[in-house]
Amino acid sequence: MKFFYLLPVLFSMHQVLFSDVKHLELEVGATPWARQHLPTTTLAYETTLTTTSPVISAQKVARVNQWVPGLFARAAILPTEKFGLEARYLGLLEWKKVYAISTTGTSLTYSLQISPISPISFTGASQVIEDYRMKYESGDLLFLWNMAPLYDKFFGLRALVGPSYIYLMDELDQTLSSATYLKQYTIEATNHFIGARGYAEIIGTPAPFIWGLRGSFGVYADVYRQRSTVSQSIPLSSSSNYVYDATKSWPSMLLQGDIYLGFNLFNRLRIKGAFGIESLNYLGSALTQPGLAFTKKGIYRKNHFLFYGANVSIELDLF
């Protein structure tokens, strides 16, 4: 019964909020994304007698190609045919890769590179485990300008610009063990990209089919934070810990683009399928591995990540 009391209130809110709105567009979809261009940092070494060679790199840790499901949503309010506001969100679910090597041999040992110059050796180690995870989210609030008619004629053009925020977290956890000791190295990095982003979209028909090209460019201040931890828990008599925190910022840049095909039904409902690529340049990462030699100057901030994937979405004009 309480629902019926709410109806007049909801109707009044609708009249106030949307009395001057010409269009309200909603879009929601799912996208599985992957990533490439991770740093090539060596993370672990294998030593046989007097010969030491790399055995795990950052790219190996993250190689499982990484097609991770994500969700995106878009809402656009247009008081006129040409101008409005739009909000966008993209969130990729956290993905993870565990990589382990081990041996029962007596002449083979493993070591971790927790210094950018040389590995720290742990004699007699029989196993090394790398656990890598990453999460990505982005949100934009944009001024929207329909420069040419959309969907109802052969050619349409839309431009958007506004503030943008991106959150990227990655974490690397390394464990080195033997029958007599356990060493662990963890490094967690977060990037908070705060800046502006501009979009452009070209739309074509013939009805009921639609196609489109979309692209965006973003300029950001990357507020980067990294926490490094090294600990030894076995044997207890040799227990030691090392923790270092650092925060730094620098400029970063984003390029993104995709192409889509779809159907325009009843001139209000559109079903789209798309493939897109997004490039993030100049960002820090947990895979930079500065370790015990860590200083702010040791942060490698020229990492380049490439995200790519395909998505399916439904777009609806409510009015």
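We use all heavy atoms of the structure for the numbers below, so side chains are in, but hydrogens, waters and symmetry mates are not. Please read all numbers here as calculations on a predicted model, not as lab measurements.
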Checklist entry - Which atom names give the shortest non-hydrogen contact between Ala286 and Ala189, and what distance separates them? => result N-CB, 3.5 Å

Checklist entry - Which residues satisfy the side-chain contact (heavy atoms from CB on, under 4.5 Å) test with Ile259, sequence neighbours excluded? => result Leu213

Item to check | Stepwise side-chain contact (heavy atoms from CB on, under 4.5 Å) check, Trp211 with Lys272 | outcome: CA-CA 9 Å; Trp211 60 269; Lys272 303 175 182 177; over 6 Å; no

Checklist outcome for this item: With Ile187 as partner, the option from Leu172, Thr229, Asp173 fulfilling side-chain contact (heavy atoms from CB on, under 4.5 Å) is Leu172

Checklist entry - Minimum heavy-atom separation for Phe155 to Ala148, with atom names? => result O-CB, 4.4 Å

Checklist entry - Could you give the distance from CG (Asp222) to CZ (Arg301), rounded to the nearest 0.5 Å? => result 9.5 Å

Next on the checklist: Could you walk me through whether Leu78 and Phe83 satisfy the side-chain contact (heavy atoms from CB on, under 4.5 Å) test, starting with their C-alpha distance in whole Å, then the side-chain angles of each, then the deciding distance to 0.1 Å, before giving a yes or no?
Outcome noted: CA-CA 6 Å; Leu78 291 91; Phe83 301 106; over 6 Å; no

Item to check | Polar contact flag, side-chain donor to acceptor under 3.5 angstrom, Asn191-Tyr167 | outcome: no

Next on the checklist: Just to verify, which of Leu93, Val68, Leu92 counts as forming a side-chain contact (heavy atoms from CB on, under 4.5 Å) with Trp33?
Outcome noted: Leu92

Next on the checklist: As a quick check of understanding, evaluate side-chain contact (heavy atoms from CB on, under 4.5 Å) for Met134 and Glu171, giving each step before the final call.
Outcome noted: CA-CA 7 Å; Met134 177 180 277; Glu171 180 183 299; over 6 Å; no

Checklist entry - Taking everything shown except Phe143 itself, do over 12 heavy atoms lie less than 6.0 Å from its CZ? => result yes

Next on the checklist: For a salt bridge (charged side-chain N to carboxylate O under 4.0 Å, His left out) check, start with the C-alpha distance between Asp170 and Arg133, then their side-chain angles and the critical distance, and finish with the verdict.
Outcome noted: CA-CA 6 Å; Asp170 60 338; Arg133 67 193 71 204; over 6 Å; no

Checklist entry - Do the two ring centres, one from Tyr89 and one from Phe72, sit under 6.0 Å apart? => result no

Next on the checklist: Take a 6.0 Å sphere around NZ of Lys302 and say whether it holds more than 12 heavy atoms from other residues, nucleotides or ligands.
Outcome noted: no

Checklist outcome for this item: Interatomic distance, OG1@Thr31 vs CG@Leu90, rounded to 0.5 Å, equals 7.0 Å

Item to check | Met169 backbone acceptor or donor facing Thr190 side chain under 3.5 Å | outcome: no

Next on the checklist: With a 4.5 Å cut-off on side-chain heavy atoms, are Gln256 and Tyr199 touching?
Outcome noted: yes

Checklist entry - In Å and rounded to the nearest 0.5 Å, what is the CG to CE distance from Leu280 to Met253? => result 9.5 Å

Checklist entry - Do any pairs count as a salt bridge (charged side-chain N to carboxylate O under 4.0 Å, His left out) and have a residue in residues 83-93, sequence neighbours left out, and if so which ones? => result Arg74-Glu86, Glu86-Arg88, Glu86-Arg158

Next on the checklist: One pair to check against side chain to side chain donor-acceptor pair (under 3.5 Å): Tyr132 and Gln174. What are the steps and the verdict?
Outcome noted: CA-CA 9 Å; Tyr132 180 68; Gln174 300 174 299; over 6 Å; no

Checklist entry - Does Leu255 share a hydrophobic cluster with Phe305, counting links as ILVMFWY side-chain heavy atoms below 4.5 Å and allowing steps through other members? => result no

Checklist entry - Would Phe193 and Tyr165 satisfy ring pair (Phe, Tyr, Trp, His ring centres under 6.0 Å), going step by step from the backbone distance to the final call? => result CA-CA 6 Å; Phe193 299 94; Tyr165 171 76; 8.6 Å; no

Checklist entry - Yes or no on ring pair (Phe, Tyr, Trp, His ring centres under 6.0 Å) for Tyr308 and Trp67, after CA distance, side-chain angles and deciding distance? => result CA-CA 9 Å; Tyr308 59 95; Trp67 285 90; 5.3 Å; yes

Next on the checklist: Under the criterion side chain to side chain donor-acceptor pair (under 3.5 Å), I'd like the reasoning laid out for Glu130 against Tyr185: C-alpha separation, chi angles, the key distance, then a yes or no.
Outcome noted: CA-CA 10 Å; Glu130 307 274 1; Tyr185 174 62; over 6 Å; no

Checklist outcome for this item: Rounded to the nearest 0.5 Å, the CG atom of Leu261 sits from the CD1 atom of Ile210 at a distance of 8.5 Å

Checklist entry - Would Met147 and Phe217 show up in the same hydrophobic cluster when neighbours are defined by side-chain heavy atoms closer than 4.5 Å? => result no

Checklist entry - Once you round to the nearest 0.5 Å, how far does CD1 of Ile203 lie from CZ of Arg214? => result 8.5 Å

Checklist outcome for this item: Closest non-hydrogen atoms of Asn281 and His304, given as atom of the first, atom of the second and distance, are OD1-ND1, 2.5 Å

Next on the checklist: With a 3.5 Å distance limit and no angle check, can you tell me whether Arg268 reaches the backbone of Leu318 through a side-chain donor-acceptor pair?
Outcome noted: yes

Checklist entry - Regarding His23 and Asp317, is there a side-chain donor-to-acceptor distance under 3.5 Å anywhere? => result no

Next on the checklist: With a 4.5 Å cut-off on side-chain heavy-atom distances among I, L, V, M, F, W and Y, is there a chain of contacts connecting Leu85 to Leu316?
Outcome noted: no

Item to check | Closest non-hydrogen atom pair between Leu142 and Gly162, with its separation | outcome: CD2-N, 3.4 Å

Checklist entry - Checking side-chain contact (heavy atoms from CB on, under 4.5 Å) for the pair Thr175/Val128: CA distance, chi angles, key distance, verdict? => result CA-CA 6 Å; Thr175 304; Val128 59; over 6 Å; no

Next on the checklist: Quick one about Ser285 and Asn303 (side-chain donor to acceptor, distance below 3.5 Å, no hydrogens or angles considered), yes or no?
Outcome noted: no

Item to check | Shortest non-hydrogen contact between Leu141 and Ala87, atoms and distance | outcome: CD1-CB, 4.2 Å

Checklist entry - Linking I/L/V/M/F/W/Y whenever any side-chain heavy atoms sit under 4.5 Å apart, do Leu71 and Phe275 land together? => result no

Next on the checklist: If the condition is salt bridge (charged side-chain N to carboxylate O under 4.0 Å, His left out), which residues does Asp140 pass it with, not counting sequence neighbours?
Outcome noted: Arg197

Checklist entry - Rounded to the nearest 0.5 Å, how far does CD1 of Ile271 lie from CD of Glu315? => result 11.5 Å

Checklist entry - So do the side chains of Val28 and Leu26 get within less than 4.5 Å of each other, counting heavy atoms only? => result no

Item to check | Same cluster (ILVMFWY, side-chain, under 4.5 Å), Leu254 and Ile194 | outcome: no

Checklist entry - Regarding Lys248 and the six-membered ring of Tyr224, is the cationic atom NZ or CZ under 6.0 Å from the ring centre and inside 45° of its axis? => result no

Checklist entry - Minimum heavy-atom separation for Asp258 to Gly276, with atom names? => result CB-CA, 3.3 Å

